[in-house]
Amino acid sequence: MLHLLLRHFTLLLGSTLLIGFIGVAWIGPTQMKYEPEKVSRNTYERPSKDYPFGTDKFGRDIQTRVVHATQLDLRIAFTVALISFAVGSVIGAIVGYYGDWLDAIVMRGVDVLFAFPSFLLAMVITGVLGDSERNVITAVTIAYIPYFVRLTRGQMLTVRTLPYADAAISIGNPSWRVALIHLLPNTLAPSLVQMSMVAGWAILDTAGLAFLGLGITSPTAEWGVMISEGAQRITTGEWWMWLYPGAALVLAAFAFNLIGDGLRNLLQQ
Amino acid sequence: MTTTPDTGATDQSPSLWLSFWAILRSNPLFRYLLRRLGLAVLALVGVIGVAFFLTSVLPGNPAVVRAGPLANEERIERYEREMGLDRPLVVQFADYVVHLAQGDLGESWSSRQPAQDELRARIPATVELGIVAFGLTLAISLPLGILAAVYQGTIIDWVIRLFATFGASVALFWLALIGIHLFYYEWDIAPPPLDRLTIGTEEPPSVTGLFTIDSLLAGDIKTCRDALNHLWLPAMTLALVVSAPMTKMIRSAMLETLDKDFIRTARAVGLPPRTIILVDALRSAFIPVLTTSGIVFGYLVAGNVIVERVFSWAGVGQYVWQALDANNLNAVRGFILLIAVVYIVLNLVIDLLYSLLDPRIRLN
């Protein structure tokens with residue numbers, strides 16, 4: 001009984017957190033007293049009534065910036081998860097269904113991509129493409145497409161031997177239709193779990209890249225950028241500059257991971 | 001007189017080799033080895049291609065960066081010629097591969113030193129940090145993973161899994177900042193986050209390149225203590241984050257093993273539970289954990305880049321970050337190759353170990 005409650009607790013806690021974040025991203029920016037990039041004379045202010053999370057070296061309100069960043073970071077996480085899922089599972093389905101030389105070529109390519117830790121792959125690609133929101137999305141997406149290709153291909157190999165696949169072929173469906181319309185939907189359950197995980201990784205990677213000065217750059221309000229600005233003041237003790245954006249980042253990633261864990265347990269029942 | 005034709009060793013050896021080959025070919029383990037090796041070589045070739053062409057389209061002209069902001073057109077052109085950037089990309093690639101085959105990664109454009117020398121000088125710092133972090137990771141995740149599996153479904157399991165999920169969500173650089181703020185700024189237990197030794201301390205004579213070991217070899221306890229003093233906080237930060245996925249892997253491997261018949265038999269025979277869990281089950285759970293150590297390596301390397309940045313640690317990760325920033329292509333390529341080669345070789349070794357330990361893998 002306890003186990004059952006705890007199992008759903010994970011999914012519940014994750015969804016609640018995520019809904020909270022979406023709410024903040026949606027209506028938060030309109031509720032703020034300040035502008036995210038508005039410079040003021042009150043630099044390095046400790047958290048106070050006027051500035052609940054303090055101010056940074058340009059006197060910008062950190063709370064405002066954290067709230068505005070929520071929208072940007074969530075948008076990047078969702079976009080990366082959706083595109084890498086869509087592209088990866090279609091490639092995986094086609095490759096898994098037709099097999100043969102196509103499978104051999106694509107899977108060798110996937111092997112090459114898997115030879116790099118995904119954060120480093122995203123780091124090099126962002127370095128190549130240059131700093132912009134679209135480029136960081138592209139880079140992180142490319143780093144995670146192989147996960148979905150491998151996953152869907154593996155599922156496809158089992159699903160295509162099921163009797164209903166033969167039935168779909170024998171009534172004269174073209175093979176792309178069998179692969180993508182009949183079989184692909186049946187392989188998607190594990191990809192859902194993966195999608196949630198990828199969203200969590202994507203948000204951490206994006207912020208990590210921004211922290212290194214890649215992708216999203218200053219003065220944009222983004223969690224990694226803000227933490228990076230705070231890191232410059234680490235030896236002088238202005239802790240509020242990096243603590244709040246970091247807490248938001250970690251909580252958001254935590255929400256995605258909890259949902260992923262919860263979904264996995266749900267699907268395994 | 002014998003009519004048998006003279007069969008000298010030279011005539012015999014091809015057929016002998018062929019039959020030897022045939023015997024080898026019929027051995028499933030050897031066939032598996034060969035296939036796996038072939039795949040690794042293919043991946044390596046792909047990596048070289050990706051490393052070269054991906055970095056070649058980096059925006060910005062390295063010659064311009066090197067010539068400096070005040071350089072005139074003529075000087076930039078001269079640098080381009082010198083660096084070989086005026087040739088077609090395919091020719092540059094062929095040139096790169098030829099040099100690579102001789103162990104030459106090309107010139108690091110920022111310092112005009114061979115990139116392989118610079119990388120080699122940076123490797124020990126990264127390895128030292130990585131090894132200590134990995135040791136700490138095991139020290140954290142082994143007990144936690146085992147506890148969670150043994151008490152599956154209880155509150156202990158739940159708390160440990162929550163820790164693992166939370167650990168997977170913690171941004172490494174944020175955790176590092178918290179560590180520095182608390183241990184350096186607030187409590188003054190740790191040294192400032194500036195490289196591997198206190199400024200002014202002389203590096204121990206290089207044997208392994210690992211400061212802790214080298215200083216001990218030189219009998220210099222003070223330097224060793226200083227090196228350890230600088231090492232523990234970055235290593236602990238890295239270990240906390242990496243132990244999250246590791247704990248999950250150990251837990252699920254242990255759960256699977258504890259469910260096996262031989263464990264039930266051991267229980268029925270009346271072996272003490274501690275022996276069953278720590279000897280029989282753990283030994284068997286080691287195999288699936290081993291296969292995932294490639295993933296753990298990935299976490300460690302990626303984490304190193306960030307930790308080295310935060311702690312100004314003069315390792316490979318900091319080197320590539322600076323190289324990316326300065327358009328230093330040969331250095332970036334060298335780093336990519338280094339990581340990919342270690343990754344591919346590691347996965348190869350793991351697969352081979354796995355197939356030696358578990359015959360079912362190589363037979364199908």
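Convention: sequence-line order gives letters A, B, ...; per-chain numbering from 1.
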inquiry  = Heavy atom to heavy atom, less than 4.5 Å: which residues from residues 195-204 of chain A reach chain B?
reply    = Trp201(A), Leu204(A)
In terms of heavy-atom proximity below 4.5 Å to chain B, should [X] be classed as side chain, backbone, both, or neither?
{"X": "Ala247(A)", "result": "both"}
{"X": "Thr236(A)", "result": "backbone"}
{"X": "Phe256(A)", "result": "neither"}
{"X": "Leu113(A)", "result": "neither"}

ask   = Is there any salt bridge (Lys or Arg N to Asp or Glu O under 4.0 Å) pair reaching into residues 225-247 of chain A, and which pairs are they, with sequence neighbours excluded?
value = Arg60(A)-Glu229(A), Arg65(A)-Glu229(A), Arg233(A)-Glu238(A)
ask   = Just checking heavy atoms, which of residues 34-43 of chain B are less than 4.5 Å from chain A?
value =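 Leu39(B), Leu42(B), Ala43(B) fall under the 4.5 Å cut-off.
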ask   = So which bits of residues 307-320 of chain B come within less than 4.5 Å of chain A, counting non-hydrogen atoms only?
value =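 If one takes a 4.5 Å heavy-atom cut-off, the residues of residues 307-320 of chain B near chain A are Arg309(B), Val310(B), Val320(B).
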remark   = So, the part of Val50(B) with a heavy atom under 4.5 Å from chain A: the answer is side chain
message = Between Leu172(B) and chain A, with a heavy-atom cut-off of 4.5 Å, which part of the residue counts as in contact: side chain, backbone, both or neither?
response = neither
note = For Leu209(A) and Met123(A), the nearest pair of non-hydrogen atoms, with its separation, is CD2-CA, 3.5 Å
message = How about CZ on Arg134(A), more than 12 heavy atoms from neighbouring residues, nucleotides or ligands closer than 6.0 Å, or not?
response =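 Not more than 12 within 6.0 Å, no.
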key: Glu256(B) CD: over 12 foreign heavy atoms closer than 6.0 Å   = no
Side chains of [X] and [Y], heavy atoms from C-beta outward: is any pair under 4.5 Å?
{"X": "Asn257(A)", "Y": "Phe166(B)", "result": "no"}
{"X": "Glu133(A)", "Y": "Ile76(A)", "result": "yes"}
{"X": "Val124(A)", "Y": "Phe116(A)", "result": "no"}
{"X": "Asp188(B)", "Y": "Phe183(B)", "result": "no"}

Just so I understand: if I count every heavy-atom pair under 4.5 Å between each of [options] and chain A, which residue has the most?
{"options": "Ala302(B), Gly167(B), Gly303(B)", "result": "Ala302(B)"}
{"options": "Phe173(B), Tyr184(B), Phe297(B), Tyr185(B)", "result": "Phe173(B)"}
{"options": "Leu44(B), Ile344(B), Ile178(B)", "result": "Ile178(B)"}

ask   = For the residue pair Phe53(A) and Tyr244(A), does the interplanar ring angle fall in the parallel (under 30°), tilted (30 to 60°) or perpendicular (over 60°) class?
value = parallel
request  = May I ask you to decide if the ring planes of Phe93(B) and Phe53(B) are parallel, tilted or perpendicular, using 30° and 60° as cut-offs?
outcome  = tilted
key: Glu45(A) and its side-chain contact (heavy atoms from CB on, under 4.5 Å) partner, picked from Asp56(A), Ile62(A), Thr55(A)   = Thr55(A)
Spacing of Arg150(A) atom CZ and Gln194(A) atom CD [to the nearest 0.5 Å] = 11.0 Å
task = Would you kindly say whether Thr165(B) and Asp261(A) are connected by a side-chain donor-acceptor distance under 3.5 Å?
result =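 Short answer, yes.
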ask   = What about Tyr147(A) and Phe114(A), are their ring centers closer than 6.0 Å?
value = yes
Greatest number of heavy atom pairs closer than 4.5 Å to chain B - which of Leu212(A), Leu13(A), Ile125(A), Ile227(A) =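 The answer is Leu212(A).
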